[in-house]
Each structure stands twice: as structure tokens, then as C-alpha cells.
Amino acid sequence: MSLRQQRIRREDGAVALVFGLSLTTLLIALGLVIDLAHLYIVKTELQNAVDSAALAGATAVNSDTSGVNAAVTKATTFGGKNNYNFSNAVSIAASNIHFGSSPTGPWLSQADALLSPTSTSYVKVESGTISISTYLMGIAGISTVTASASAVAGRGLTDVAPLGVCAIDPSNKTNRRGPFQITAGLDEYELLEYGFRRGITYNMGNMGPIAGNADPILINAVDSTSGSCTPSHSSTAFTVPFICTGTSAAGATGATSAYANTGGSYGAVERALNSRFDVYTGGGQGVGTNCGTTSGSPDRNIKEYKTNTNPGGPKAWMSANPTQQAISWSGTKPEGFDFVATTNLPTDYKKNGQPLTAQHFGVLWSYSRGVRAVGSSAPYTAGTAFSTADWNKIYVAQDGTSPTTSAGYPSGGLTASPYSQTSGNYYSAPSHTPGTSRRQMKLVIVNCNTLTTNAMSCKSLPILGVGSFFLQTQANLNGSNRDVYLEFGGLVASSIASDIRLY
């Protein structure tokens, strides 16, 4: 064999070796692509399974032990309706289903959740680790890969507390009262929202002719009227934890109705409301139907604005000094007012909208101010706030007297109020770690004209809107008056929807 032939043979051998090595590399690369695609498909299948399992489980949780067990059953059932790796049935183990009070946990097992069912607003489902045989990556010594998926679902609670306030004028979302010649030659009007005046205090717990014995109205905290109502969710004990946190499924965007509640144990409701004043009684944190300092944190300012208190009471900024905390209610229809009402109204709306004397206006402007009505016809919108110098125009009693502000009303422009202070006589600091403006609550405004019975459990109530209400003093629901003094702060929009959703 010639030297040239020997060289060609050696080169052929080298090409064969390079080709062999290249083919192995190509097969490994091809195997990686194929097996990664296969892994992606399996992970997608597992994700679909745990998504459906979590959503199904979240529809069952109800802050009760029955909901915990039902959630596990639904999650395992719906998860098992899915396949992975094309034909293998997904099996969700009960040990891979957890419960929490928030979308980020902490997470409880089924056994622990049964001991603390009120912490079960959210469901987390895990598929567990699944081993999958590879196709071509075995060439590289990788015969199996693993995949897993997890999902969290729960009811999107709104920041609306499960309490309902009867609309004074359910037929008119906005209206106006006046005119007042605050500026010479210019007629101005005050805004009304479902009959409420901003800056005026109303006793939600004693709205007499409108709600009768059914008030205060507790709202079902978790059942949306787009679905069924569970009677056990209409108990006070079930509702109180949601009053503590100021959240519920009520008042979601687009909601037109809510399920009513049974009422009853008002002592527990009182404690839930008064946690905002740093008051925790009857067993303390986590006991029974009492709020804890975490779930029911106090307000940043716990000063009560009671009549006949000094320093820091309303007589420090109101003259004449109020003789009652809130405006009074009357069983007669309004006289001489500029809109047609279908309900009984408070005395504030009699005789051209004025109470008997200046002292009967109740406590004004502890949280917010009255505002001007903008527009020549309904719907009116909120304009600029009135100043303290306008009181003798917009608050005039039947006897011709009006409250006049004293030098004690806080300065600082049209947003200043006693509650907005951070020091001085109008401010008291809590002893526990505070929340923000916990006394300012969003509550649904309902049409109480539909109330024909005191059997309120699972009764559908028309929601007219969501209002901002300021808790002026501690609630007192142990007596016959059921005193919950709320200053109206205006209509607001609820912030989040209440549908079951993935997180």
C-alpha cells in the first residue's frame, strides 16, 4: 500500500470518529429538546390539575370544619379528573392540600385546619413530585426527570365589613339640599348620597322606622348572591371574625345584592367593633368570637368624640354643645323638602331639613366635612368641602339657631379634622400595634324598604352602594338602643372582586 493510500485510510478513520462523536452530541441535543418539550407538557398538565383542584376546594371553604373536609373532597375529586403524561390519572393526596388565612400562608394541614377553621379562606394544592421516563436523554445517563406543580385559590374578599346600613333615600343615589348663599349672589347646594349628609352622625344601630327590629343588619360574609347561601354562615359567631378584619365578600364590584344574616349575639359584634378602640374583652386574642390584636388591630387614633367630654370632645369645636351624639330619627315623612322620598326619614329632613335646635344636629365633622353638590341636575357629584365659616348657613335649626365653630376646630385647610390629628386633645394612641384608619369602615348601603320580616337568614338584600362610615365612639349593643354611631364620609367604590380566583 502506498504512502498516499495509507494517509487516506487514516483520514477516513478520523472522519468516522468525528462523525460518531458528532452524532452522539446531536442525539443528546435532540434528546434534550424532545425530553424538555415532554417535561413542559407534563408540567402544564399537572398545573391544570392543581388549578382545578384548588378552585374546587376554595368554593367549599366556609370558616367551618365542614368546609375543610368538603374542600379536601372537592380538590381530590376535581384534580383526579385530569391526566398527566397523556394518559396517567392525576392523584392529589390529602396531605398535599393545605389551608391558610392569606394567599401566602402560613399553611395548615387538614388536621390543623380542623382545629382552626376560621383560618381557611385560601386553599393550596400541590401535585407532589412526579417521575417521568426520558426518551433520548438516557444516552447521557439521564433516564428520568421530575415535575411538580402547585396552585393557591381563594375568595377575593373586599375591604367592606359585613355590616349593612339602611339607605335614607334609596330612590336617589345623589341629590342636593339648599340653596345657600354662602358666596354673595351665588346659590350653592349640599350633596346628599342616598339621603346621607357627609359630616353628620347617624346611629346605625337604631334606625327605627326604616329597619325595625332587624338592625343592625349583619351581612353574610362569604356567600355571594350569585351562588347559594349556607344558613350556618348567617350566624353572628361566623360573621364576627370578618367584622374584626373589616373584610367580606359583600360589596364587590358589580354586586347588586347580598345575603342578610340572623343577627343575635350583639355582645360579640360590639367587641369586634370596639377592637378598633384598643378594647379587647371577654377572653382576649383568639378566644371565641373576640378579635385578637392582629386580626382586629386598633386604629392609629382611638380618641372617642363623645358629647359633653372635655378636653377633646365635640364641645371643644362645636357651639352650641351637642345634647345628643347623632341626629334623631322620626317616624313621619319629610315636609318641605326638595325630593320625593319613599321611606321615613330622620328629623334632620323635617321642616326644610333641619332639627329642632342646634344641639340636635349631633356631633359634626369629627372625621369629614360636608361637601358641595356639583351639577344642575342629578346625578350630582361631590364638589369642594365647606369651611367652618359656612356652618351658620348649612346647619340652621327650626328655632333659627346654628352651631358655630370655636377656635378649637383643628386648622390645616379643608382636610383637617379632629380625627386627623396625631397629637393633642383630639388624639389618643393605642397600646397595641395599630392599623391605619381602622375606624373608617366601608359598609354596604342597602334598600331596607324590602324588609318585611325579621327572619333575615339568607334573605337577599338589594345593595345600592358602598359608603365610608367613621366609627365615632365605642359601640354599645348590650342595651335596647343598640348604639353604633357612624359619621358618613361619602360613597366609595369597593376595591376588589369576591369571585373565587387563583393567586
Side-chain angles (χ1 to χ4, degrees), residues 157-163 165 198-205 216 239-248 251 266-282 284-286 289-307 309 311-314 316-317 325-326 362-369 409-410 412 415-444 466-477 483-490 492 494-495:
L157 299 179
T158 70
D159 54 355
V160 178
L163 296 168
V165 181
R198 297 193 191 191
I200 282 187
T201 303
Y202 304 89
N203 187 357
M204 185 193 80
T239 308
V240 160
F242 294 93
I243 300 177
C244 293
T245 58
T247 59
S248 71
Y266 288 127
V269 176
E270 176 185 301
R271 291 192 295 271
L273 290 171
N274 291 345
S275 67
R276 290 159 172 80
F277 291 93
D278 208 13
V279 175
Y280 304 91
T281 59
Q285 183 170 351
T289 55
N290 299 302
C291 300
T293 56
T294 301
S295 64
S297 59
D299 195 284
R300 61 163 190 84
N301 181 0
I302 61 172
K303 180 72 177 182
E304 293 184 87
Y305 303 113
K306 293 182 177 180
T307 58
T309 59
W317 75 81
Q325 192 73 30
V363 178
L364 297 170
W365 291 23
S366 62
Y367 171 74
S368 61
R369 301 167 177 243
Y409 197 84
T415 60
S417 70
Y419 170 73
S420 67
Q421 305 307 296
T422 57
S423 63
N425 289 336
Y426 298 144
Y427 173 80
S428 292
S431 59
H432 295 95
T433 302
T436 51
S437 299
R438 287 269 294 152
R439 290 161 63 187
Q440 182 268 328
M441 298 185 294
K442 293 179 182 178
L443 307 177
V444 290
V466 176
S468 171
F469 291 88
F470 176 69
L471 191 59
Q472 205 168 65
T473 65
Q474 292 184 37
N476 179 12
L477 295 174
D483 295 329
V484 184
Y485 293 113
L486 299 173
E487 183 180 305
F488 183 61
V492 296
S494 55
S495 59

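- Contact between A161 and L443 at its shortest, heavy atoms only, is CB-CD2, 3.7 Å.
- In this view, Q325 and Q472 satisfy the side-chain hydrogen bond (donor to acceptor under 3.5 Å, both in side chains) rule, not counting sequence neighbours.
- Distance check, rounded to the nearest 0.5 Å: CG of L471 to CG of D299 gives 9.0 Å.
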Worksheet item: Would T433 and T293 satisfy side-chain contact (heavy atoms from CB on, under 4.5 Å), going step by step from the backbone distance to the final call?
Response: CA-CA 8 Å; T433 302; T293 56; over 6 Å; no
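- Looking only at side-chain heavy atoms (C-beta outward), R438 and P298 stay at 4.5 Å or farther from each other.
- Under the salt bridge (Lys or Arg N to Asp or Glu O under 4.0 Å) criterion, K303 pairs with no residue, sequence neighbours left out.
- A side-chain donor-acceptor contact under 3.5 Å links T201 to the backbone of V363.
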Practice prompt. With side-chain contact (heavy atoms from CB on, under 4.5 Å) as the test, would you mind laying out the steps for S366 and F470 before giving the verdict?
Written response: CA-CA 9 Å; S366 62; F470 176 69; 3.7 Å; yes
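- Under the ring-ring contact (aromatic ring centres under 6.0 Å, His included) criterion, Y485 pairs with no residue at all, not counting sequence neighbours.
- The shortest heavy-atom contact between A272 and C291 is CA-SG, 3.4 Å.
- Of all non-hydrogen atoms in T247 and P162, the two that sit nearest each other are O-CD, 3.7 Å.
- For the atom pair NZ (K442) and CZ (F469), the distance works out to 13.0 Å, reported to the nearest 0.5 Å.
- Of the listed residues (S431, P434, P430), just one forms a side chain to side chain contact (heavy atoms under 4.5 Å, CB included) with I302, and that residue is P430.
- Taking each heavy atom of N203 and A326 in turn, the nearest pair found is N-CB, 3.9 Å.
- Here the straight-line distance linking atom CZ of R198 with atom OH of Y367 works out to 10.0 Å at 0.5 Å rounding.
- Summarising the geometry, atom CZ belonging to R439 is positioned 11.0 Å from atom CG belonging to L486; distances are rounded to the nearest 0.5 Å.
- Residues satisfying the salt bridge (Lys or Arg N to Asp or Glu O under 4.0 Å) criterion with R276, sequence neighbours excluded, are absent altogether.
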Item to complete: Would you please test Y305 and E487 for side-chain contact (heavy atoms from CB on, under 4.5 Å) and show each step?
Response: CA-CA 11 Å; Y305 303 113; E487 183 180 305; over 6 Å; no
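- S417 is linked by a side-chain contact (heavy atoms from CB on, under 4.5 Å) to Y409, Y419, S420, counting only residues two or more places apart in sequence or in another chain.
- Annotation: the span from N301 atom CG to D278 atom CG amounts to 11.5 Å, rounded to 0.5 Å.
- By the ring-ring contact (aromatic ring centres under 6.0 Å, His included) test, F242 is found to be paired with F238, residues two or more places apart in sequence or in another chain being considered.
- Taking each heavy atom of V492 and G467 in turn, the nearest pair found is CG2-C, 4.1 Å.
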Practice prompt. Could you go through the side-chain contact (heavy atoms from CB on, under 4.5 Å) check for V240 and R271 one step at a time?
Written response: CA-CA 9 Å; V240 160; R271 291 192 295 271; over 6 Å; no
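- Expressed to the nearest 0.5 Å, how far CD of Q474 lies from CG of D483 amounts to 12.5 Å.
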